[in-house]
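A short write-up of the structure that comes next.
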Amino acid sequence: MDIFNQITIFTAVILLLIGFNIGILSGFFGVGGCFILTPLLNIMGLPMPTAVGTGLFFAVLVSSLGGVKHYLAGNTLIRLSVIIGLVSFIGIRISQPLVIYLDRLQLADIYIRSLYIVLLLTLGLLTIRKKTRSQQLDNNKKRKLTPIFTAIKNLPPKIKLEEENAPSSIWPIIIIALLVGFLQGFLGVGGGFILVPILIVFLNLKTHHAVGTSLVTIVVSSIFAAFLYYRSGMVLLPVSLLLGLGSFVGVNFGVCSTCNIGGEKLKKLYSIFLILTSFGITLKSLNYNFFSMVYMLVLSFSVGLLIIFRFYFNKNKI
């Protein structure tokens, strides 16, 4: 698309606005914005591998700021971040050449978009389902899964993650790192919207430790992934920098807005947004390019404006 071929004043303003809006969404929902940004860049005309690489560089910029804040606040388990970050290199090294290979076959766009659709729909529906299921069913499910996870977590060697928790096996950590690394390199996402719930559910981390550890991990792994794509000529640095600059401003509005909304309503809005985003990517897959672009821009900016005017300026918690 022409907007990415030459950076003009008009182009710079558009990218800053998109970055600002992505920052609002990221700060409000507590996740990285690449799961929105990467498919949006593709829908706006970038080939999917270039959208993935540019999104990863954006993830480095955005996650670095949050990672530093959480590290200074003592919310980061450095040992765990380093382990997951380094092991994730293996997953990235597998997925990045796979994206290049699929691109040569002209299949990268359809495969990556399809995985996005499945992942966003799954996460959105699971969030809704989690709210509607009774606590008894959740407990029954946990009891069925407990022996499997317990067996894996008891395999040596073990490391101590938090002072108040018992040592955990290194093997679940390695599996998590490989999965997150593969998704990072394949989808062009930071991985926080996947890594945070995994750290809480499978490693029993406290929420603030999971968020802080996730952000530092994303910085480590995204630098490596972004470097691989940059070396392959699939990162548009000016685009990433402008988007990142806009997001630095927007994220503060998003974070402050979370004080004015209850947890259940936030989960519901997040799940609906994920599902609606998957519809926009589906339109692109069906070759409704113009409608897909308009839909995604209207959706993302509408939710961003809703957050600003409904939850930032409205000081009454909902």
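Quick note: residue numbers are just sequence positions, from 1.
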Quick one: does [X]'s side chain have a donor or acceptor within less than 3.5 Å of a partner on [Y]'s backbone?
X      : Y      : result
Ser95  : Phe182 : yes
Tyr229 : Ala51  : no
Ser240 : Thr54  : yes
Ser292 : Asn289 : no

How about Thr282 and Ser285: does a side-chain donor come under 3.5 Å of a side-chain acceptor?
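Short answer, no.
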Testing the basics here: between Met296 and Ile281, what is the closest heavy-atom pair and its distance to 0.1 Å?
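Result for this residue pair: SD-N, 4.5 Å.
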Those residues that, when tested against Asn21, pass side chain to side chain donor-acceptor pair (under 3.5 Å) (two or more places apart)
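Once residues adjacent in sequence are excluded, Asn21 has no partner under the side chain to side chain donor-acceptor pair (under 3.5 Å) criterion.
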Just jot down the side chain to side chain donor-acceptor pair (under 3.5 Å) partners of Ser222, sequence neighbours excluded, or say none.
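Ser222: side chain to side chain donor-acceptor pair (under 3.5 Å) contacts with Gln184.
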How long is the span from the CD1 atom in Ile22 to the CG atom in Leu17, to the nearest 0.5 Å?
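The CD1 atom of Ile22 sits 11.5 Å away from the CG atom of Leu17.
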State whether the number of non-hydrogen atoms from other residues, nucleotides or ligands found under 6.0 Å of Tyr288 atom OH is greater than 12.
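Not buried by this count: 12 neighbours or fewer within 6.0 Å.
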Determine, step by step, whether Thr11 and Thr8 satisfy the side chain to side chain donor-acceptor pair (under 3.5 Å) criterion, reporting the C-alpha distance in whole Å, the side-chain angles of both residues, the deciding distance to 0.1 Å, and the verdict.
CA-CA 5 Å; Thr11 303; Thr8 63; 3.0 Å; yes
Would you please indicate yes or no on a ring centroid separation below 6.0 angstrom for Phe20 and Phe253?
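Yes - the distance between ring centres of Phe253 and Phe20 falls below the 6.0 Å cut-off.
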